[in-house]
Structures are given as C-alpha cells and as structure tokens.
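Since the structure is predicted, the reported quantities are computational estimates derived from the model, not experimental observations. Values below: every heavy atom of this structure, side chains too, minus hydrogens, waters and symmetry copies. Every number for a ligand or one of its atoms is a count from 1 in the order of the listing.
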Amino acid sequence: MNTDDLPAGIMPLGPPLTPAGYDELTGLPNRALFHDCLRQALLLAEQHNDKVALLCLGVDNFKFVNESLGHAAGDQLLTEVARRLRGCVHQQVPLARLGDDEFLVVLGGLRASAEVAPVCENIFAALAPGMTLDGQYLHASTSIGIALYPQDGTDSATLMRYADQARSRAREHGGAKYQFFAAEMNQRTLERIAMEAALRMCIARDELLLLYQPLVDLQSGEIASLEALVRWEHPSMGLVPAHQFIPLAEEAGLTGAIGAWVLKRACRDLRNWHASGQNRLKVALNISPRQLAEPRFAHSVAAMLAEAGLAPSALTLEITEAALMQPGSAAEVAELKAIGLSLTLDDFGTGSSSLSNLKRFPFDAVKIDSAFIREVVSDAGDAALSKTIISMAHHLGMQVVAEGVETEAQCDFLRRNMCDLIQGFFFAPALSPAGIDALLAEGRTLPSHLLRIQRPQRKLLLVDDEQNIVSALKRLLRPDNYQVHTANSGQQGLDLLAQHQVDVIVSDQRMPGMLGADFLRKARELYPDTIRIMLSGYTELQSVTDAVNEGAIYKFLTKPWEDELLRGHIAEAFRLKEIADDNERLNMEVRTANHELAAANRRMEQLLLEKQRQISRDEISLQVAREVLQHLPLPVIGLDDQGMIAFINGAAELLFQHSGHLLGDEASRVLPELFAPAAASGATLPHQASVQGQRYTVVVHPMGERSASRGSLITLTRAVAA
Ligand code: C2E
Ligand code: MG
Ligand code: MG
C-alpha cells in the first residue's frame, strides 16, 4: 500500500522509528515507542483542529492457535498478521504490537469518524486470505476497538483504555468486527464497579432478602417445595433480581458469603414453616460453582442444618452443570448426597447437557430449563426435547421439574407427558415468606383438570330449610371448587339425588316435612356410597343417635360452625369418598383382572388338553407305523437328521445281524454299503449294494415331505439279476 491507497483525509504521520523501540517477534514498534507516536499525533490534531482515531486490534483465534498448535505456530500467526497489517496501512501510519495478540494503529488528520471504517475494511480484507501454520491451513480474524480524539478522550491513556474496552465489546459480539467506543459503554463499566463495591457491603448493610417460589406436585396439585431466590434491596436501584447480580457476585468472589447468608436465612424460614404445621415442606437453594468448590462446604451445610434442627432431607441443593465441570466436584457432590440432602441438576438443557452427568452424579431430580418450556406448546423441537428429558430422567430413576411455566397450556403439556413438578408464574411468582404463609393458608393447589391423574369433580349436596344458611355455606366453600347442589327440604334433596350423582351430603336436622335424620336414612338406603354429614343447631337426641347408630350419618356437626373446621370436615369427607371410590375401582379392576386371568387359564388348559390329545394321537400313529414297518418283509432302516440309526425293522436286523447292535450308531460308519459315493453330495438316487453276497437296490427316502418328521428312511430290495 502507498500513500495514494489511504482513505481520504488520513495523513501519514509519526516520527522515524529507532530500532531500540521495536518488538522482537514482529519488528513493529513496541509500547514505549508507540506512546510517543500517539502523543505526537494528538498534539498535531490539536494544532490542526482535526480528529485522531486509535485502533486497538486483537487476533480472535490467537489463543486457540497458541493452545492447540503450540507457541511456535502462535508466533508464526502474529508475524504473518503483523506483515499483512504493515502492508495495508501506510509506512508512516504508526502501527505497534503491544504484547500477546494486541496491535495498535493511529490514524491522524481525520475530518470525520466515518473515515475510519474503510481502513478497518482494508484490514479485514488483508487478513481474509488463509495462511498455513505448522501444516494447518486457517484464517485469522481480528476484532477492532476504536477510540476517537477528541470526542472520547483527549489524553493517550484514556484513549488506550477506551479502545481496549471497545475491542472487548467487538469480541463479545462474535469477533471479526469493529466497534467504536460508546460513552454508555464506559458508563456501564463504571456502574459495574460501583455495583460491585456496593455488593461487597450488602450483607453488612442487611440489604439481602429471600423470596420463595413454590414447586407444585403434578400428582397431588399441592406445594411440595419452595425454591429460595435471593434479592438485593439496593438503596437506589430498588429490588434487584438474582440474575442481575449473582453473576457479578460470582466474578467478584462474593457468592460464598451470600450463599452462607442464604443458607442461614432459609433454614430459619423453613424451621418456622415446620413449626407452624407445614412439616412436609422442603426448601431448595441454588449453589454457585464457587460455593461448591469451597473446602468443607458439605460440612458447613450439615452444621447449619443441625443448628436449625432440620432433617437433611428437608433441603434440596440446585446445582448447575457449570459447577460439575470443576475438578473435585464429583467428591463434593457425593459428600452432599451422603449427608442426606436432595440434589437437583438445575437449568438442564442449557449447558453441556451431558447425559453422563445425569448418570455419574447422584441427582434426585433434574430441572428442565425455562428456555425449553417457553415454546413447549408451539415448537416441535422443544416439545420433543422436553419429552426426551422427562423419559430419560425417569429411566434413571429421577424426578423432573419444569421451570418457567407461565401458562395453563404449558402446564397441561407437562402433565400429559408425566413431568413430576412445575414451577413458574402460572402457579405463583417468588413471594416473601409472608406471601407463602398466605398461599399455604389459602390451601392453593393446582386445579384438578391439570393433575397427572385426573379426579372427577367433587359433588356436594347442601340441604337446609333456611336459605341464608345455604347461601353462607356456598360462599364458605367457594374456594374448594366443589360442584354444589342445594335443596331446602328433605324431599327436594331426594329429588336432586335422583337426578345427579353426589359424593357428600350436608343436611340440617330440623326441617318441615322430613327431619334431616330421616332424609339421610333414605339417602343411605338409596345411595349407600354417599358420605352424609348432619349440620344442626338442634340436637333432638333420639332420632339423631338412632341415625348415627344405623350408619346413616358419618359426622354430626353443630351450628353455629367454625368456618375452617367445617371446610376441613367436608374436605375430609370427600377424601374418604375418594378412597372408597378408589377401593371400589381397584376392587373392580382386580376382579376384572381375575376374570381375565381365569379366562386365559381356561383357554390355556383347553390348549394344553388339545396338545396332549394330539401327542397321544401322534404316539399311536407312530407305534402303528413302527409296527407296520417292523413286519414288512422289506429291510427298512430309519436315520435321524444327524445320520444316526434310529430305527431298524425285523427284515433289516436279519440282513445285518453280522454287524451286531446297530441302533444309535452312525449309519455311514457301521453300514457304509448303504451309501453310494454320490450320497455324500446329497444325492438320494437308488444305488446297488452287495450285502451278505446278495445284490440289493438301496433307496434313500428323505422324510418330512408330508409330515413334520426329519431324517430319512432307507429301503433295500433284492436286485433282479440282469
Ligand atoms: P434459577 O435457579 O433457574 O431460578 C429461576 C429463575 O427464573 C428465577 O430468577 C425466577 O424468578 C425466574 N422465574 C420463575 N418463574 C418464572 C416464569 O414463570 N417465567 C420466567 N420468565 N422466569 C421465571 P431469579 O430469581 O432472577 O434467579 C436467576 C438465577 O440466579 C437463578 O436461576 C439461580 O441460578 C440464581 N440464583 C437465585 N438465587 C440464588 C442464590 O441464592 N444463590 C445462588 N448462587 N444463585 C442464585
Ligand atoms: Mg434454581
Ligand atoms: Mg433454573
């Protein structure tokens, strides 16, 4: 390239270079010399009131070449890149190698920043042709970061820093790009530094809090576990979600301290839930790779659990595949398992998703990442992947959790495909402990039509002559989702029972026309499977105790009632009814299965009998055939399919009496005369043989043409003399 090739507006500049300031490998100026050039370019630009661009170049695949092909190839790559760069910018344009794969170019005398782009394109074009390094043909590519004087900075140190940041950005975006430094990029860096400093203080300032998101069991519809998700109550930014600060905390080495705080807080909250009666509830914690790598991590978890008086099985640790990549992770995970903790492989499908991780590590469950759940009902690929993960995990004896479930359609898909648990906004977002308390008190469950095994809707009949009582009961029971029928008298109740199937009946006692006890007695006679509850303020003892003793009433409850207690009794009655229904269904299934088994046995017996008859028929015909053959005047010898003598009739025995006992011997060995030389090749044509000085015609008859027998029959007839 000569001066004419430079884009318009670019002036060649720079002092003559001295050999002492040169990089040994590439022969380009080094850092010290380059600083002088840059300072001089900036001085000139200030005098002439024009712009300067500082280009910071990095060779994208240098690290790869160095590591895979060796340092000699890495050096060759840098030398070749330097040669091509030198060739595509003017001799007097300062170009330097800073170290490693980093090169710098100064473009002075610019009128507009747009003049830089063609130079970058020239550089890309110069590097585009492939090169051969250590016998390997490859292409080099470069990422270029650009800082401009005076808009981005006026001193060389600032410009160098900004150009370097812009180059990192270009590389983050996939490399082979140029990227101007943007003020917001600098702003982001500063924010990040400030955030990291603030993050270091967050525990001391008591700015962390834990939210909990329910994991719901698709079989029972109930909350099975809560995932603890940490939040940072930032003084000016408000509530910061974990995904915005956990990666930064991980880089800054702060996840250990945060993790210890989370563990302590979660144990405290879980102990409170257990104390309030929710003793089956579990909590899941996210464990960062650095936490897992901490020495004595398992020990500290065990100590914390012991201090809180919690069983290890109440705690689940969620571990990502990235954490499993670290050396020593297998031993650490095994130790956590040995303590008795449940382990979940988190975000499955996003990392290396290695099947061997599923097999190698003792996980109890795997969490399908929300990225696959998002489109699971519209994208065939995501649907297939989710189904495969579920089936694979089940085969390995693990449970499957789907995270990020936001819609009923996604939940329904997962239910149908045997997923075990779901987590996501569809059921509940992450909530404060108080929010979880409210959810538990409300008894929120998944609606029955979204359960893996569907229960028919629970049907209730309320009978009371006071309409306001019926209305109050209906209101009270609304959250329980029952299908409610109402009647104001015993007779109306019976009419309704005749039209609708009902599981549980709640009836008042004192009603005009028919007493509640009589109504429930009739209901029992006609519909014995119903569960019947009396709810009465009036205890006319005799008729009620009679009805209870006859079994017409399952429970007697008094008015005024206590809301939660009454709801509990009715729910219990439905559970009882469902258990009875399940028993009935199982009983029917067992009986049906027994019938089918009996029918199958019967068919088997008949088949066996028929077979036995067939066998004895075959035996008889065999005996008849043997008898006939035995008495034939013609010598007959039977061979099995191995060529052994299996049968020999009287005439043959007589003819071969000189050969001794023949049965069970190999015919070709003991009676070679029966086989013509051609027989060896499978021919069965008659041939002549001499036995006891007589000529015989020997015929081999292969068996099995008209029966299932195998082997052959050999007959001998006296040959007629010619
Ligand atoms: P994760 O373990 O996969 O957590 C699930 C993330 O998905 C949470 O984000 C949660 O708020 C969000 N999420 C839940 N339901 C839905 C939904 O229906 N739709 C969508 N789009 N998102 C949903 P969050 O709280 O920001 O946490 C992000 C990640 O930060 C977590 O991913 C976890 O890896 C990490 N993390 C959270 N808490 C902790 C912690 O205490 N310690 C460590 N080391 N990491 C944590
Ligand atoms: Mg998680
Ligand atoms: Mg996850």
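The pair Lys337-Asp364 counts as a salt bridge, with a side-chain nitrogen and a carboxylate oxygen less than 4.0 angstrom apart. Taking a cutoff of 4.0 Å between a charged side-chain nitrogen and a carboxylate oxygen, Lys264 and Glu307 do not qualify as a salt bridge. Using a 4.0 Å cut-off between charged nitrogen and carboxylate oxygen, Arg280 and Asp217 do not count as a salt-bridge pair.
Residues passing the ring pair (Phe, Tyr, Trp, His ring centres under 6.0 Å) test with His569, sequence neighbours excluded: none.
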Mind listing the side-chain donor-acceptor pairs of residues 197-207 below 3.5 Å, one per line with the distance, residues two or more places apart or on another chain?
| from | atom 1 | to | atom 2 | distance (Å) |
| --- | --- | --- | --- | --- |
| Arg200 | NH2 | Glu196 | OE2 | 3.2 |
| Glu207 | OE1 | Trp232 | NE1 | 2.9 |

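Within a 6.0 Å sphere centred on NE2 of His299, heavy atoms belonging to other residues, nucleotides or ligands number 12 at most. Counting heavy-atom neighbours within 6.0 Å of Arg585 CZ, excluding the residue itself, gives a total above 12. Within a 6.0 Å sphere centred on CZ of Arg416, other residues, nucleotides and ligands contribute more than 12 heavy atoms.
The option with the heavy atom closest to atom 5 (C) of ligand 1, from among Gln213, Arg374, Glu403, Gln410, is Glu403. Looking at Ser288, Pro241, Ala242 and measuring to atom 35 (C) of ligand 1, the nearest heavy atom belongs to Ala242. Among Val230, Leu208, Ile422, Leu210, the residue whose heavy atom lies nearest to atom 39 (C) of ligand 1 is Val230.
Those atoms of ligand 1 that come under 4.0 Å of a heavy atom in Val262, given as number and element, are 41 (O). Residue-ligand proximity, Glu406 to ligand 1, at heavy-atom distances under 4.0 Å covers atoms 17 (C), 18 (O), 19 (N), 20 (C), 21 (N). Residue contact check: Gly424 has heavy atoms under 4.0 Å from atoms 15 (N), 18 (O) of ligand 1.
Residue contacts with ligand 1 for Glu227 involve side-chain atoms from C-beta outward but no N, CA, C or O (heavy atoms, distance under 4.0 Å). Only the side chain of Asp347 comes within 4.0 Å of ligand 1, judged by heavy-atom distances.
With Arg444 contributing its side chain and Phe427 its backbone, the two residues share a donor-acceptor pair below 3.5 Å.
At least one heavy atom of Arg231 lies less than 4.0 angstrom from ligand 1. By the 4.0 Å heavy-atom criterion, Ser370 is excluded from the residues contacting ligand 1.
Ligand 1 has a nitrogen or oxygen under 3.5 angstrom from a nitrogen or oxygen of Asp346. Backbone and side-chain nitrogen or oxygen atoms of Phe425 are examined, and one is located within less than 3.5 angstrom of a nitrogen or oxygen of ligand 1.
Metal site remark for the Mg ion (ligand 2): Glu227 contributes an N, O or S atom at a distance under 2.8 Å.
Considering just the N/O/S atoms of Glu318, the one nearest the Mg ion (ligand 2) carries the name OE1.
One finds an angle of 90° at the Mg ion (ligand 2) between OD2 on Asp346 and OD1 on Asn286, to the nearest 10 degrees.
Between Phe361 and Phe363, the ring planes lie tilted relative to each other; the angle falls in the 30° to 60° range.
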